[in-house]
Amino acid sequence: MIGKNIKTFEELDSTNNFVKLNVSNLESGAVIVAKKQTKGRGLRDNKWDSNLGNLYFSFIIKDNVFRSNLFTYIVQSSVAIIRTLKQFGINADIKYPNDCLVESKKITGILIESSGTSALNYIVVGIGININQIDFGDLNDKATSMKKILNDDFNVNVVLNEFVKNYNNILESNNQKVFEEYIKASIVIGKRISYKNEQYVISDIEQNGTIIINNDLDEKRVAFSEISLEELYWHD
Ligand code: BTN
């Protein structure tokens with residue numbers, strides 16, 4: 001389970017960085033929260049704007065973590081986010097592998113980092129949930145928040161507690177059922193993508209994260225571990 005220990009800091013550079021620097025002092029399942037981050041990180045070396053008012057947290061998993069299961073952590077985290085938002089009345093979609101969107105605008109991001117080769121020493125799951133931010137500057141047409149959608153302020157800790165409960169429930173549930181929930185919320189099947197400069201349509205996602213992509217000439221199975229996000233472009 002996660003969240004037996006939750007430690008909140010006024011400010012950190014990045015909750016993922018903090019966890020990685022303190023691996024040996026943190027027990028599996030520990031959650032680190034920062035009210036703001038000075039160097040919040042996103043996928044593809046993007047920065048993750050992290051002013052006061054949103055939720056920024058990371059948790060560490062040390063037991064039985066295998067590279068071959070990385071996609072499972074993404075599925076579990078994404079479904080926990082979807083369920084949490086739903087409790088506040090928000091229906092979010094999942095964009096493979098790990099973005100949650102509302103009306104095509106991003107509301108949460110997940111950054112998973114790991115250490116080790118096949119049997120991993122640990123993984124860090126870092127999650128940002130846009131809660132009370134209403135101005136995203138240049139990203140206003142790409143990002144949204146709970147407040148933007150519902151016109152109300154939310155307590156960041158309440159959202160975190162709901163996430164922790166949902167995640168722990170998911171850990172106790174049947175993996176297949178949770179994966180079905182992920183697929184049900186996924187909006188990518190049938191969508192066009194470019195992969196290694198060729199155009200394809202996604203026809204399926206398998207439980208280990210492999211995606212099946214087709215075009216007139218070819219069908220490819222691309223393993224999650226082979227997908228470099230730089231090579232995968234979505235066409236809206
Ligand atoms: C993405 O690009 O979609 C992933 C964003 C992940 C942001 C979270 S906020 C908490 C944790 N700490 C970080 O520096 N990044 C993650």
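Both ligands and their constituent atoms are indexed starting at 1 by order of listing. Counting begins at 1 with the first residue of the sequence.
Close contacts of ligand 1 with T15, meaning ligand atoms under 4.0 Å from a residue heavy atom, involve 10 (C), 11 (C), 12 (N). Listed by number with element, the atoms of ligand 1 under 4.0 Å from a non-hydrogen atom of K106 are 1 (C), 2 (O), 3 (O). The distance from ligand 1 to the heavy atoms of G40 drops below 4.0 Å at these ligand atoms: 14 (O). Contact atoms of ligand 1 toward D99: 3 (O) (distance under 4.0 Å to a heavy atom of the residue). Residue G42 has at least one heavy-atom neighbour below 4.0 Å for each of these atoms of ligand 1: 1 (C), 2 (O), 4 (C), 5 (C).
Salt bridge status for K105 with D141: absent, with no side-chain N to carboxylate O gap under 4.0 Å. For the pair D49 and K47, the salt-bridge criterion is met [side-chain N within less than 4.0 Å of a carboxylate O].
With sequence neighbours left out, K220 forms a salt bridge (Lys or Arg N to Asp or Glu O under 4.0 Å) with D218.
Considering both main-chain and side-chain atoms, Q37 comes within under 3.5 Å of ligand 1 through a nitrogen or oxygen pair. By the 3.5 Å distance cut-off applied to N or O atoms, S14 is counted among the residues near ligand 1. Considering backbone and side-chain atoms together, R41 places an N or O closer than 3.5 Å to an N or O of ligand 1.
When hydrogens are left out, the protein atom nearest atom 2 (O) of ligand 1 is L43 N, 2.7 Å; that is the closest non-hydrogen contact. At the shortest separation from atom 5 (C) of ligand 1 among protein heavy atoms lies W48 CE3, 3.4 Å.
Between N132 and N54 the shortest heavy-atom distance is N-OD1, 3.2 Å.
Ring-centre distance between F71 and Y96: below the 6.0 Å cut-off.
Contacts of N46 with ligand 1, taken as heavy-atom pairs under 4.0 Å, are absent altogether.
Screening residues 160-186 for salt bridge (charged side-chain N to carboxylate O under 4.0 Å, His left out), with sequence neighbours left out, gives R83-E181, E162-K165.
Ring planes of F88 and F154: perpendicular class, angle over 60° (limits at 30 and 60°).
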